Amino acid sequence: MRQLPALCHFLPYTCSQVTNPSIDPLREPMELKTYLGRKPDKLEFDENGRLVTKLTPQLVLNVPIMFSAMSFGSISLNACESLARAATQLGIYYNTGEGGLHSSLYRYGKNTIAQVASGRFGVHADYLNAAAALEIKIGQGAKPGIGGHLPGEKVRAEVSATRMIPEGSDAISPAPHHDIYSIEDLRQLIYALKEATNYAKPVIVKIAAVHNVAAIASGIARAGADIIAIDGFRGGTGAAPLRIRDNVGIPIEMAIAAVDTRLKEEGIRHQVSVVAAGSMRNSADIIKAIALGADAVYIATSALIAIGCHMCQKCNTGKCNWGIATQDPQLVKRLNPNIGARRLVNLITAWEHEIKEMLGGMGINSIESLRGNREMLRGVGLTQKEMDILGIKAAGE
Amino acid sequence: MLEYVIIGNSAAAVGAIEGIRQRDNTGSITVISEEPYYAYSRPLISYLLAGTADDKKMAYRDVGFYEDNGVSLLLGVKAVSIDTTSKEVILSNGKAVTYDKLLIATGGKPFVPPMKGGDKKGIYTFIKRDDAERLKAVAKPGTKAVVIGGGLIGLKAAEGLVKCGVDVTVVELADRILSTILDEQAAAMVQEVLEGHNINVILNDTVTEVVGDNTVSGVILKNGQSIECDMVITAIGVRPNTDVAANTDISINRGIKVDDHMRANVEDIYAAGDVAEAYDIVYEDQRVTPIWPNAYMQGEVAGRNMAGDDVVFDSGFARNSISFFGLPMITAGIIKPVGNEYEVTSIVQPDKKVYKKAVFKSNRLVGFIRLTDIDRAGILTGLIKEKIDVSPFKDKLLDEDFGFVYMPKSYRKEKLLGVKRK
Amino acid sequence: MKRVYALEEYCVGCRLCEINCTVAHSESKDIIWAFKVEEPRPLPGILVEEVKPISFGLQCRHCDDAECIKSCITGAMHRDERGAVVCNADKCVGCWTCIMACPYGTIKRNEDKGNVVSKCDLCPDLPQPACVSNCPNEALIYVDRG
Ligand SMILES: Cc1cc2nc3c(=O)[nH]c(=O)nc-3n(C[C@H](O)[C@H](O)[C@H](O)COP(=O)(O)OP(=O)(O)OC[C@H]3O[C@@H](n4cnc5c(N)ncnc54)[C@H](O)[C@@H]3O)c2cc1C
Ligand code: SF4
Ligand code: SF4
């Protein structure tokens, strides 16, 4: 893998000492609840103090962490179910990826984000309406500008039925959406999806972290997206061309900071929530992403590791020993979603505790007060330019 | 408070007592038993003869069984007749017992054929505990016995006698031993084992005369051959013991005719066990099925219904598990079908003494034989009982690894996960 | 009553349930000792049926309407205080009538122990059956489904 610096290692967060006392999360309440979606420009109330402003649909997260898109096909049904159940238990969301939604998973719809990607696999009205939010995938951090390819041997009966493609046929996602060549085109798709779901669900647009990400994000916000998901260059996948994976894209920290800054400058930050994705390896990465301006994060690889992934990098062979990246029934069985879900709940609960601990250390009792609060970060070993983009001071300053 | 009376004190009676007590804990239960014993395991009399079962093993229930269930036992007393109008049972001691609900569970009695010399000393039957005790007293090493009848009881007696050191000849009229539960192939394999244990088996023949002065000294067969012996055991069959119901309006065919609730045609009278003729789900006809499990189950159904329940007996069919000299066999239902509506598959492995056969009728299993490889045979029994359509796994049925894994998922889930079929 | 149910979707066919059943019913309760030293080695009360990719463990269902109890010719097979169907080895004569009767095929012959049956006893001395505790993929569950 490309040896670019993992920026998070150089962004120590500041801790309260003496003048700004820290908070003990074991004794005092700590709020991690996060609302994702467009916020109104202003709130209006009637003479009785009742809210008049019509609020746009929101995703409500108990913890600012979601499970990122991993399609049924690339991962097994039992892996999908582990994610779905854990999301439900945790009060967060998981993302279907571009593989459609298996009929047995509709019951987790309240905690499901349904993705619409360039291949439009498994996309139909019931699918869209079953979910809590919709996500248009434009790009993926591990392979910006590259399409997808699910080999025919993974397209067995269930995958074929879910994706609505013939059994055994390769599932090819084109690199671009063939109906999107401009922000206006994107706007059309966003509104088509809103129309199809009665304006009841927030729409997310997911893009890869690339150099002009800030300008693109601004366009996406203006196109009517409620949430922008930005996938950093270390985003995981079992199926990206090596040269692309190791050479294309920019670090997520830079992207988030740039986007947050730009949206704030344009006065439209409240119109859209920002989700950071790509290599959130631990709770400190999350703290840093949020301090740089993200509302929440997506995790994928960490989630898979929690349910048993050993990073043996055989995903593409379809012979995942742990029943995750495989469709072989004999292997899929190895992953009991009861166990998978429990481990995920365990992971997120542990991170939740850690996040609270760190917030307390900063003297903050609500995740909201951390969002975009770059004062909490200091850079070490970064150039002035990088620190400017990140909007942080150097350590010691 | 109801007065329950049960004539007989064996499997069917115990089933009835347990059945009654599932529903009624107050009614009085009186059991009339000609045999002066607590219920014992009748099939174990051959073990008793062979010396491998003691009193403890023979006892069918714990010592406290009758007391715990509030049963008054009239042991060593015979019921001689039934007055169905005054609802009382007349006993051999002159007394009478009145009933509200009566169960006739008198079992079977040996059929002893009329033969010349049949009144001599040294001729035995092999049905009761006392028979086994009597036989044990004379079955000394070196003595000789002729067993008339190569059925279950005859061969069990023969095995017991051989274990006592007796020199045994079995005479069977049919062309094979165990003709009700085995076909030719299986019978031949079992016969080989019996002969290997020095039992002399004579087929297609019978005893026409017992010779000797006062006591038996030999028999003469139909083919003229004579065989020396010190004792003769007649085991050519057991008939339903319907004596007590004779001269009443209780309807009797071969046994006492009962409906699916084990009710006889006369109100408040039930029959169960070897004495009853109930519906056989395999033959789809009324039949006497003289086997222990049927006796218990019929008794239980009768008991529950006597106590006011409404349950049907729907599992009547022949099935046997038996071993001779360590060779186990389990058979059930129709094992030698006649007619072209049947389909048969079988596997023979002579070196391992394995024989397996399945009989189907319109995609249902209606019978099987399993010799030596008897493991999990109950699955097949269950398929017969539940009248399952076996077509999806017919070809696997006799395989060594046959199990639920070959059955349709829905059926498997229902059976194994307790998920009820709609 | 609590019973063991197998989730065939998650059974990987490793047969650790069988192994741990044997260990739990051994004298030593030690896996090495039970398999290498003890004679006779207890038969597992659970058996794994497998035709890839389907596999699942199956042991006595402890039926409410137990055919084996009704059929047993000696009264050896009975229901204990816990509701579990168990065989009294002192009374069993090894006639295998229960094998003929059990519709699940869960009773085994234990000829090493002098012709008595061997079957699941739901591990009376353990908080839950050993097969359930030792299934690495939680494909056996111990729950009350009536
Ligand atoms: C040697 C032998 C081996 C067997 N082996 C097997 C086997 O391995 N498996 C199997 O399934 N079956 C076997 N059977 C058959 C099984 O024993 C019978 O099916 C079972 O005993 C029937 O039970 P029952 O309650 O109907 O009657 P029985 O057991 O026949 O009992 C009837 C009782 O009623 C008593 N009685 C009869 N008339 C009167 C009366 N008028 N007044 C009072 N008491 C009366 C009799 O004395 C007897 O005690 C075997 C039988 C024998 C003899
Ligand atoms: S041994 Fe078989 S018949 Fe008996 S209780 Fe267990 S599963 Fe039921
Ligand atoms: S083998 Fe034992 S437990 Fe089974 S029916 Fe025979 S005596 Fe009863």
Side-chain angles (χ1 to χ4, degrees), chain B residues 11 14-15 18 39-44 47 52-53 56-62 65 291-294 296-297 299-300 315 319-323 326 328-332 370 374-386 396 401-406 409 412-413 415-419, chain C residues 1 3-9 11 13 47-65 67-76 78-79 88 90-109 111 114-115 141 143-146:
Chain B
V14 170
E18 293 179 347
Y40 63 87
S41 171
R42 190 167 310 282
L44 288 202
Y47 293 66
T52 51
K56 220 177 125 206
K57 275 212 162 154
M58 294 295 291
Y60 180 46
R61 286 294 182 258
D62 291 343
F65 173 76
I291 56 161
W292 189 272
N294 257 3
Y296 179 91
M297 291 177 202
E300 190 193 21
S315 56
R319 46 204 190 273
N320 282 280
S321 171
I322 195 160
S323 319
M329 65 204 77
I330 293 181
T331 80
R370 298 270 294 259
I374 60 161
D375 292 327
R376 310 197 78 195
I379 298 179
L380 303 190
T381 313
L383 293 173
I384 297 181
K385 186 181 154 196
E386 298 208 4
K396 299 277 185 253
D401 69 341
F402 176 70
F404 288 88
V405 74
Y406 289 108
K409 192 168 178 179
R412 186 162 68 230
K413 292 229 143 161
K415 294 296 278 183
L416 307 187
L417 294 182
V419 181
Chain C
M1 179 188 150
R3 292 184 169 85
V4 181
Y5 296 95
L7 308 177
E8 65 175 65
E9 288 80 359
C11 169
L47 89 158
V48 174
E49 282 195 28
E50 178 167 30
V51 174
K52 283 186 164 104
I54 307 166
S55 60
F56 50 86
L58 176 59
Q59 68 287 76
C60 170
R61 308 280 80 216
H62 301 278
C63 311
D64 289 331
D65 222 14
E67 294 276 340
C68 60
I69 299 183
K70 295 185 190 192
S71 300
C72 174
I73 63 163
T74 62
H78 65 286
R79 197 176 297 281
N88 177 351
D90 293 338
K91 291 203 72 183
C92 176
V93 294
C95 69
W96 317 134
T97 304
C98 49
I99 292 183
M100 170 196 87
C102 171
Y104 298 98
T106 61
I107 302 178
K108 290 182 188 168
R109 296 182 269 168
E111 279 151 326
N115 275 340
I141 52 172
V143 292
D144 192 341
R145 289 192 176 159

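Chain identifiers are assigned alphabetically (A, B, ...) following the order of the sequence lines, protein sequences preceding nucleic acid strands; residue numbering begins at 1 within each chain. What you see is a predicted model, and the numbers here were worked out from it, not measured in a lab.
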Top of M100(C), R3(C), E111(C) for chain B proximity - count of heavy-atom pairs under 4.5 angstrom:
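Heavy-atom pairs under 4.5 Å are most numerous for M100(C).
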Taking A59(B), G299(B), S323(B) one by one, which has the highest count of heavy-atom pairs under 4.5 Å against chain C?
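Answer, by heavy-atom pair count under 4.5 Å with chain C: A59(B).
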Under 4.5 Å, counting heavy-atom pairs only, tell me which of G15(B), A332(B), P293(B), A39(B) racks up the most with chain C.
P293(B)
Where on [X] is there a heavy atom nearer than 4.5 Å to chain C: the side chain, the backbone, both, or neither?
X: I374(B); result: both
X: I379(B); result: both
X: D62(B); result: neither
X: R42(B); result: neither
X: E300(B); result: side chain
X: F404(B); result: both

Below 4.5 Å from any heavy atom of chain B, which atoms of [X] appear? Answer side chain, backbone, both or neither.
X: I54(C); answer: both
X: N88(C); answer: neither
X: L47(C); answer: side chain

D375(B)/K108(C) ion pair, N-O < 4.0 Å
no
Between D65(C) and K70(C), does at least one N-O distance fall below 4.0 Å, as a salt bridge requires?
yes
Hey, mind stepping through E8(C) and R412(B) against salt bridge (Lys or Arg N to Asp or Glu O under 4.0 Å) and telling me if it holds?
CA-CA 10 Å; E8(C) 65 175 65; R412(B) 186 162 68 230; 2.6 Å; yes
Taking all non-hydrogen atoms of both residues into account, name the closest pair between R61(B) and G75(C) and its distance.
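Shortest heavy-atom separation between R61(B) and G75(C) comes out as NH1-CA, 3.6 Å.
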Between R61(C) and Y5(C), is NZ or CZ placed under 6.0 angstrom from the six-membered ring centre and within 45° of the ring axis?
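Cation-pi check for R61(C) and Y5(C): passes.
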Taken to the nearest 0.5 Å, the spacing of T97(C) OG1 from I107(C) CD1 works out to 10.0 Å
Taking only residues two or more places apart in sequence or in another chain, which ones pass salt bridge (charged side-chain N to carboxylate O under 4.0 Å, His left out) with K409(B)?
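In terms of salt bridge (charged side-chain N to carboxylate O under 4.0 Å, His left out), with neighbours along the sequence ignored, K409(B) is linked to E9(C).
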Under the side chain to side chain donor-acceptor pair (under 3.5 Å) test, which residues partner E67(C), sequence neighbours left out?
K385(B)
